[in-house]
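These values consider heavy atoms only, across backbone and side chains, with no hydrogens, waters or symmetry-generated copies.
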Amino acid sequence: MCWCPDGTLRAPYGSLLPYDAAGRRVLIAAVPEAGAPYCISDADVARALAPASRTFQLMVATLLGNWTPLAQLTVTRDDNMLDVPVAFDPVLNPLPGLPLGQPFRSLREPAYRAARRARRDQAGGV
């Protein structure tokens, strides 16, 4: 997740591009629980997660439909994982049964390919 100073842990997080689910294009969002703290820095986020976990309602919507609850996601702080780099690549590693929809996959593939190459170069790979 991206921790932003203008509503961290309070704002919904979601997909900008639709996924294909059983022949339908859908958007996905994670909506924080009511009363989630406002944070302005990574240290604030760490403090917000310190006492317990945070819960998000996972929501799904068709492109013109209403948001519908799908599942609940609980994020728990793990001090050993705070500085581990994370990279998401829905082109190379799609969610099972939920690929990035066309033509968006084709449009985004060059950017994800470039990001993979940059990470490999940064790590000293070939």
Side-chain angles (χ1 to χ4, degrees):
M1 291 183 184
C2 176
W3 307 113
C4 303
D6 60 341
T8 303
L9 292 182
R10 286 188 183 173
Y13 300 88
S15 59
L16 296 175
L17 299 175
Y19 290 86
D20 285 337
R24 300 176 78 185
R25 288 199 171 145
V26 297
L27 298 171
I28 301 170
V31 180
E33 66 187 345
Y38 177 79
C39 305
I40 60 171
S41 70
D42 288 345
D44 288 337
V45 170
R47 279 192 293 280
L49 292 174
S53 57
R54 294 291 175 217
T55 302
F56 296 82
Q57 182 72 45
L58 295 181
M59 309 286 282
V60 65
T62 59
L63 297 182
L64 298 175
N66 294 326
W67 288 98
T68 303
L70 177 67
Q72 199 170 57
L73 170 70
T74 300
V75 179
T76 304
R77 179 183 171 152
D78 182 343
D79 288 332
N80 297 320
M81 300 297 289
L82 289 179
D83 292 328
V84 174
V86 177
F88 297 97
D89 188 333
V91 173
L92 189 61
N93 302 303
L95 293 169
L98 203 61
L100 189 60
Q102 286 292 0
F104 307 106
R105 177 185 161 94
S106 296
L107 292 170
R108 296 295 301 149
E109 199 282 329
Y112 284 108
R113 184 175 47 236
R116 287 190 298 270
R117 185 172 35 247
R119 284 192 301 274
R120 190 173 49 245
D121 291 349
Q122 186 178 31
V126 179

Just jot down the side chain to side chain contact (heavy atoms under 4.5 Å, CB included) partners of Thr74, sequence neighbours excluded, or say none. Ser53, Thr55, Thr76
Considering all heavy atoms of both residues, which atom of Leu58 and which atom of Ala30 are nearest to each other, and what is their separation? CD2-CB, 3.8 Å
Are Arg108 and Phe104 in a cation-pi setup, meaning NZ or CZ lies under 6.0 angstrom from the ring centre and within 45 degrees of the ring axis? no
What is the minimum heavy-atom distance between Pro94 and Pro99, and which atoms define it? CB-CA, 4.0 Å
For Arg113, side chain to side chain contact (heavy atoms under 4.5 Å, CB included) partners two or more places apart: Glu109, Pro110, Arg116, Arg117
Please list, one pair per line, the donor and acceptor atoms closer than 3.5 Å that link side chains of residues 64-71 to other protein atoms, with sequence neighbours excluded.
none

Between Leu100 and Leu92, is there shared hydrophobic-cluster membership here, with clusters defined by ILVMFWY side-chain heavy atoms closer than 4.5 Å? no
Is there a path from Leu95 to Tyr112 through hydrophobic residues (I, L, V, M, F, W, Y) whose side chains come within less than 4.5 Å of each other? yes
Do any side-chain atoms of residues 15-28 form donor-acceptor pairs under 3.5 angstrom with protein atoms, and if so which ones, sequence neighbours left out?
from: Ser15; atom 1: OG; to: Ile28; atom 2: N; distance (Å): 3.0
from: Ser15; atom 1: OG; to: Ile28; atom 2: O; distance (Å): 3.4
from: Arg25; atom 1: NH2; to: Gln102; atom 2: O; distance (Å): 2.0

Kindly state each residue pair satisfying salt bridge (Lys or Arg N to Asp or Glu O under 4.0 Å) with at least one member in residues 90-107, sequence neighbours excluded. none
Hey, could you give me each pair passing salt bridge (Lys or Arg N to Asp or Glu O under 4.0 Å) that has a residue in residues 58-70? Not counting sequence neighbours. none
